[in-house]
Student: 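Here it is: the structure, laid out below.
Starting from 1, each residue takes its place in the sequence as its number. Predicted, not measured: the structure shown is a model, and the values here were computed from it.
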Amino acid sequence: MPAPEETQPLPHYPFSDRGDRLAPELHELRRRCPVARVTTNAGGEAWLVTGYELAQQVLRDRKFARSRLGEADGPTQDAPILAPELLDAMQHLQRAGLRDEVLKALSRNQPDLPADWVAGITRQGLDAMTREGSPGDLQRHFAEWVAAQCMCRLLGLPFEDRDWLAARADLDLTMKTPTNEELARNWEELRLYMAAYTATRPAAPRGLLDRIADLNDRQQGLDEKQFSNIAALLFVTGYEDFAGFLGVAALHLVQRPHVMDTLRESPERLPQCVEELLRYGVVLGNAIPRFVTQDDKLGTVPVKEGDLLLLSLDAVNYDPAAFAEPGTFDIGRSPNPHLRFGYGRHHCPGAHLVRRQSETAFATLLDHLPGVRLAVPVEEVPWVPNRMAIMPAGLPVTW
């Protein structure tokens, strides 16, 4: 009697903490099996989607939803979702009549974040770095500094609280190390901070949180816990995603002196460069989750109601079916239809903020430190482990 065949264990996702390159496993899965079964940090199974057109299908089709992901017994890829409004804040804001005010603050104009102010605080961070001497840490003095300054000013939070806020935001986006109880306690500290801060407001709003709190007082669309949860979420996602992107993008720039020289000579090319940084940078430590609401097919793979889907937008943005020579960093790439901010109706409301403030911050960096260079081989750049938003633990540079 023949021996039974051994079943291969499913690959465990995520594969890497690094943001300087796409994990080889993602390249291989996209080539061989763009809808692949994997295990998750939560211990369950999911379908990992790595193909560009397949990701568009998931983001476009209402059969693939987020509806059950916020329920107590819903599938998870990491820690449980603590409240439904943390999964779909924009829908809760819309039902409460607050969404328009949030979108106005995040619009192309961004009245709370004028370009000259962003350029000024960027210079302050870089000056602090140069005073400490070479090598300096561009992650701390540029990426995290600019992200914290922008989010505190936008939301109206005191910048002197940034270290306390950032430490809790960092823990919230850690995937493996904390227990679920530790994560819940950490989040409750953030939520209570936001509740206390917005409970007593001056007559003149300090920022976006005061403005939507005033609206919510009149319209009573959200209760106190829902409002403070969403306030905390706005800081955590805004700060972490922006600081992670700025750090990864800065790493790619400072490795390429010829690109920096081109941008100084032709600053009008900087917006196109930011788009390529958004495509090329590997910034998602986990994936974008969706829930299958009825049996269907993704490509040739049948998926069933109740299945968890994970979209690797990093892998999708390297799909050669959508991008010529995707492994080449090309600031002249056009068109550049990356899915960094989602697709169709699922589009990140913070896209304008990241684009506009990144352009200002990088223009200031290029002007203020014309000789900036990576101080170590790229392989020696450290990375924060187990993070939902990939981030360098430090970015050593000389100038």
Side-chain angles (χ1 to χ4, degrees), residues 66 69-70 72 76 78-99 101-103 105-106 112-113 144 147-175 177-201 205-217 220-245 285-286 289 348-350 353-354 387-389 391:
R66 289 184 288 188
L69 298 174
T76 61
D78 298 299
I81 305 295
L82 297 175
E85 60 270 17
L86 298 176
L87 180 70
D88 207 345
M90 293 309 291
Q91 279 200 13
H92 281 77
L93 289 168
Q94 184 172 20
R95 288 195 292 267
L98 310 179
R99 183 173 180 267
E101 185 65 32
V102 173
L103 291 181
L106 298 174
D112 296 301
L113 299 173
E144 294 171 22
Q149 287 274 8
C150 285
M151 292 313 301
C152 286
R153 179 173 170 121
L154 175 71
L155 299 177
L157 298 172
F159 187 65
E160 56 267 26
D161 290 350
R162 71 190 184 278
D163 290 338
W164 188 94
L165 290 164
R168 281 149 186 82
D170 288 346
L171 181 59
D172 184 64
L173 265 67
T174 300
M175 293 185 288
T177 308
T179 65
N180 291 343
E181 292 73 22
E182 287 176 301
L183 289 172
R185 282 196 301 271
N186 178 71
W187 185 263
E188 186 65 2
E189 290 180 7
L190 265 172
R191 188 193 71 76
L192 290 174
Y193 170 95
M194 296 297 176
Y197 190 72
T198 55
T200 54
R201 303 185 297 278
R206 295 163 292 190
L208 175 61
L209 293 185
D210 283 359
R211 296 197 297 273
I212 60 174
D214 289 342
L215 282 172
N216 195 54
D217 280 353
Q220 295 294 305
L222 298 172
D223 64 31
E224 181 270 341
K225 188 169 186 178
Q226 289 173 322
F227 184 89
S228 53
N229 266 332
I230 290 176
L233 182 72
L234 288 171
F235 176 81
V236 169
T237 57
Y239 167 73
E240 293 286 339
D241 289 350
F242 195 22
F245 168 69
N286 54 5
C348 174
L353 184 148
V354 171
R387 289 295 303 279
M388 297 181 195
M391 191 178 293

Student: Could you measure the distance from the CG atom of L98 to the NE2 atom of H92? Nearest 0.5 Å is fine.
Tutor: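 Spacing of CG (L98) from NE2 (H92) equals 11.5 Å.
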Student: First locate atom CG of L173, then atom CG of D241, and finally report the distance between them rounded to the nearest 0.5 Å.
Tutor: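 Answer rounded to 0.5 Å: 7.0 Å.
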Student: Please give me the minimum heavy-atom distance between W187 and L233, naming the atom from each residue.
Tutor: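 Taking W187 first and L233 second, the nearest heavy atoms are CH2-N, 3.6 Å.
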Student: R66 and P289: which non-hydrogen atoms are nearest, and at how many Å?
Tutor: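 So the minimum-distance heavy-atom pair works out to CG-O, 4.0 Å.
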Student: One thing to verify: whether R185 and E188 come together as a salt bridge, which I'm taking to mean a side-chain N less than 4.0 angstrom from a carboxylate O.
Tutor: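 Salt bridge absent between E188 and R185.
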Student: Taking atom OH of Y239 and atom CG of L155, what is their separation to the nearest 0.5 Å?
Tutor: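 It is 13.5 Å, given to the nearest 0.5 Å.
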Student: Between L154 and L113, which heavy-atom pair has the shortest distance, and what is it?
Tutor: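 Shortest heavy-atom separation between L154 and L113 comes out as N-CD2, 4.3 Å.
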Student: Supply the atom-to-atom distance D214 CG to R201 CZ, rounded to the nearest 0.5 angstrom.
Tutor: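 The CG atom of D214 sits 4.5 Å away from the CZ atom of R201.
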Student: Main chain of G221, side chain of N216: is a donor-acceptor contact present, judged purely on distance under 3.5 Å?
Tutor: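 Here the side-chain-to-backbone pair exists.
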Student: What is the minimum heavy-atom distance between D172 and N186, and which atoms define it?
Tutor: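 Residues D172 and N186, closest heavy atoms: N-ND2, 3.7 Å.
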Student: Identify the heavy atoms of G244 and M391 that sit nearest to each other, and give their distance.
Tutor: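 Closest pair (atom of G244, atom of M391, distance): N-CE, 3.6 Å.
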Student: Would you check if the side chain of R191 reaches a backbone N or O of K225 as a donor-acceptor pair within less than 3.5 Å?
Tutor: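 Absent.
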Student: Can you measure from CG (D170) to CE (M388) and round to the nearest 0.5 angstrom?
Tutor: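 With rounding to 0.5 Å, CG (D170) is 12.0 Å from CE (M388).
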Student: Please round to the nearest 0.5 Å and tell me the distance separating atom CG of L106 and atom CG of L208.
Tutor: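 These two atoms lie 7.0 Å from each other.
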Student: List the atom of A232, the atom of L190, and the distance in Å for their closest heavy-atom pair.
Tutor: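 Closest approach of A232 to L190: CB-CB, 4.3 Å.
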Student: Is there a side-chain contact between P349 and L103, using heavy atoms and a 4.5 Å cut-off?
Tutor: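 SC-SC contact between P349 and L103 confirmed.
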Student: Looking at residues at least two apart in the chain, or sitting in another chain, which of them share a salt bridge (Lys or Arg N to Asp or Glu O under 4.0 Å) with D210?
Tutor: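 Result, salt bridge (Lys or Arg N to Asp or Glu O under 4.0 Å) vs D210: R206.
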Student: Please list, one pair per line, the donor and acceptor atoms closer than 3.5 Å that link side chains of residues 157-168 to other protein atoms, with sequence neighbours excluded.
Tutor:
residue : atom : partner : partner atom : Å
D161    : OD2  : Y193    : OH           : 2.6
R162    : NH1  : F159    : O            : 3.4
R168    : NE   : E189    : OE1          : 2.7
R168    : NH1  : W164    : O            : 3.1
R168    : NH2  : E189    : OE1          : 3.4

